[in-house]
A.B. asks: 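Take a look at this one; I'll ask things after.
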Amino acid sequence: MAVERIWLDVPFAEKDEAKAAGARWDPAARRWYSPRPGIAGLDRWAARADVPRLLPGEDRSLGSGLFVDLVPSSCWFTNVRSCVAPQDWDRLRRMIQARAQNRCEACGAGQDREAQRWLEAHERWTYDRARQVQTLKRLICLCTDCHTVTHFGLAQVRGLAPQARAHLIKVTGLTPDQADRHIAEAFELWQARSRTTWALDLSILTDAGITLAPPPDAATRADLARDALRAEAGGVPRQFECEGRTGARRGQ
């Protein structure tokens, strides 16, 4: 008879600590568990209730398919992962991947460790110019390749723009000229939106019982992002400064 797992919610940063306390990793479920009841040191990671598959107010039809989806510079460091408690982020990630049946919602690819292709979470936002409010309306599951396309500015910083462009063409069927126009238009929209300091609406998360932490204030977001990108790229040319990125856990 199969033994029912005692699941845990262990943030990636705490995995070594949880393992030392007795937690075990289930590679199929991609989740930590307690091998038996009553291990006191694991109480702090006791699993919470699953996140509902449809978040309150979520629009699952918003932004279908693959396209360049740049986050305004005034919104850097306001992404979901920056604002959600680590254990709640893992609950969200698990729900997003499960409802997508562990497949990319843009191209249909699954995770492939040898190919360094992971399943990651991406946010779809709406922007109310009149109220200057950026509202989270959907969370989707993307593979690393498709996620790199959506964050094309970061792909430029990392020297991955040719691969991202090729993947965009492969998945969407755009011609090279059409792909180039699409990318240029996405950056024009990004520049226009970056002139506004947006208030953040994450009510689809708070209404689902997700705990939020306050993001950095608007005045410091762009500087934080530039510092992070320069540290990664060894000095980022100004024309390649780009939006922040939210990825799901890349394995344990």
Side-chain angles (χ1 to χ4, degrees), residues 1-55 58 77 79-123 136 138-148 150-151 154 158 160 202 204-205 208-213 228 231-232 244-252:
M1 183 176 66
V3 178
E4 185 176 351
R5 291 277 194 248
I6 304 171
W7 297 114
L8 304 171
D9 290 334
V10 180
F12 182 76
E14 299 174 15
K15 66 182 181 65
D16 292 338
E17 190 177 354
K19 183 176 180 180
R24 298 293 179 265
W25 175 249
D26 185 325
R30 300 185 65 243
R31 192 174 179 184
W32 291 93
Y33 66 95
S34 173
R36 64 182 185 278
I39 301 180
L42 299 179
D43 289 347
R44 59 185 281 196
W45 295 293
R48 304 177 187 179
D50 289 340
V51 176
R53 291 246 175 151
L54 182 65
L55 297 169
E58 185 178 17
F77 284 83
N79 57 36
V80 170
R81 190 167 182 178
S82 298
C83 299
V84 171
Q87 282 181 295
D88 277 347
W89 170 255
D90 281 348
R91 292 167 66 216
L92 272 172
R93 171 191 58 79
R94 188 165 62 248
M95 180 276 287
I96 293 164
Q97 293 182 1
R99 74 179 180 186
Q101 298 181 328
N102 292 310
R103 293 283 172 181
C104 175
E105 294 184 66
C107 74
Q111 184 164 289
D112 186 332
R113 184 175 294 272
E114 290 186 5
Q116 294 292 292
R117 184 176 66 236
W118 313 102
L119 294 177
E120 307 177 349
H122 181 67
E123 304 133 344
L136 179 66
R138 182 184 179 190
L139 289 167
I140 63 172
C141 181
L142 295 179
C143 70
T144 301
D145 295 335
C146 287
H147 207 186
T148 299
T150 66
H151 293 284
L154 189 56
R158 291 175 168 170
L160 298 175
L202 294 175
I204 71 169
L205 300 180
I210 300 297
T211 303
L212 302 181
E232 178 175 331
R245 175 174 178 169
T246 302
R249 186 67 58 226
R250 295 190 170 197
Q252 302 284 345

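Residue numbers run from 1 in the order of the sequence given.
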A.B. asks: Applying side-chain contact (heavy atoms from CB on, under 4.5 Å), run through Thr211 and Val84 and close with a yes or a no.
C.D. replies: CA-CA 6 Å; Thr211 303; Val84 171; over 6 Å; no
A.B. asks: What heavy-atom pair brings Ala109 and Arg117 nearest, and what distance separates the two atoms?
C.D. replies: CB-NE, 3.7 Å
A.B. asks: Testing the basics here: between Ala208 and Leu55, what is the closest heavy-atom pair and its distance to 0.1 Å?
C.D. replies: CB-CD2, 3.9 Å
A.B. asks: Closest heavy-atom contact between Pro37 and Ile6?
C.D. replies: N-CD1, 3.4 Å
A.B. asks: Between Glu58 (side chain) and Leu139 (backbone), is there a donor-acceptor pair under 3.5 Å?
C.D. replies: yes
A.B. asks: Run the side-chain contact (heavy atoms from CB on, under 4.5 Å) check on Cys107 and Asp145 step by step: do they pass?
C.D. replies: CA-CA 9 Å; Cys107 74; Asp145 295 335; over 6 Å; no
A.B. asks: If I take atom CH2 from residue Trp45 and atom CD from residue Glu17, how far apart are they, to the nearest 0.5 angstrom?
C.D. replies: 4.5 Å
A.B. asks: Where is the tightest heavy-atom contact between Trp89 and Val80, given as atom of each residue plus distance?
C.D. replies: CZ3-CG1, 3.7 Å
A.B. asks: Could you list the donor-acceptor pairs under 3.5 angstrom formed by side chains in residues 47-54, with sequence neighbours left out?
C.D. replies:
| from | atom 1 | to | atom 2 | distance (Å) |
| --- | --- | --- | --- | --- |
| Arg48 | NH1 | Asp88 | OD1 | 3.0 |
| Arg48 | NH2 | Gln87 | OE1 | 3.2 |

A.B. asks: Does NZ or CZ of Arg5 come closer than 6.0 Å to the centre of the six-membered ring of Tyr33, within 45° of the ring's axis?
C.D. replies: yes
A.B. asks: Assess the residue pair Glu14 and Lys19 against the criterion (salt bridge (Lys or Arg N to Asp or Glu O under 4.0 Å)); give the C-alpha distance rounded to whole Å, side-chain angles, the decisive distance to 0.1 Å, and a yes or no.
C.D. replies: CA-CA 9 Å; Glu14 299 174 15; Lys19 183 176 180 180; over 6 Å; no
A.B. asks: Are the side chains of Leu205 and Leu136 in contact, using a 4.5 Å heavy-atom criterion?
C.D. replies: yes
A.B. asks: Can you tell if the side chain of Trp118 reaches within under 4.5 Å of the side chain of His147, non-hydrogen atoms only?
C.D. replies: no
A.B. asks: Per the side-chain contact (heavy atoms from CB on, under 4.5 Å) rule, which among Arg99, Met95, Glu105, Gln101 passes with Cys141?
C.D. replies: Glu105
A.B. asks: Looking at Glu120 and Arg93, is any side-chain nitrogen of the basic one under 4.0 Å from a carboxylate oxygen of the acidic one?
C.D. replies: no
A.B. asks: Can you tell me how far the SG atom of Cys83 sits from the CG atom of Leu212, to the nearest 0.5 Å?
C.D. replies: 6.5 Å
A.B. asks: May I ask you to test the Ile96-His122 pair for a side-chain heavy-atom distance under 4.5 Å?
C.D. replies: no
A.B. asks: Does the side chain of Gln97 come under 3.5 Å of the side chain of Arg30 through a donor N or O and an acceptor N or O?
C.D. replies: yes
A.B. asks: Here's a test for you: under salt bridge (Lys or Arg N to Asp or Glu O under 4.0 Å), which of Arg94, Arg44, Lys15 qualifies with Asp9?
C.D. replies: Arg94
A.B. asks: Compare every heavy atom of Ile140 with every heavy atom of Arg138, then report the nearest pair and how far apart it is.
C.D. replies: NE-CG2, 2.9 Å
A.B. asks: Which pair of non-hydrogen atoms, one from Leu42 and one from Gly22, has the smallest distance, and what is that distance?
C.D. replies: CD1-C, 4.0 Å
A.B. asks: Calculate, to the nearest 0.5 Å, the distance between atoms CG and OG1 belonging to Leu154 and Thr148 respectively.
C.D. replies: 7.5 Å
A.B. asks: By side-chain contact (heavy atoms from CB on, under 4.5 Å), which residues pair with Ala29, not counting sequence neighbours?
C.D. replies: Trp7, Asp26, Arg31
A.B. asks: What do the steps show when you test Gln111 against Asn102 for side-chain contact (heavy atoms from CB on, under 4.5 Å), and what is the final call?
C.D. replies: CA-CA 7 Å; Gln111 184 164 289; Asn102 292 310; over 6 Å; no
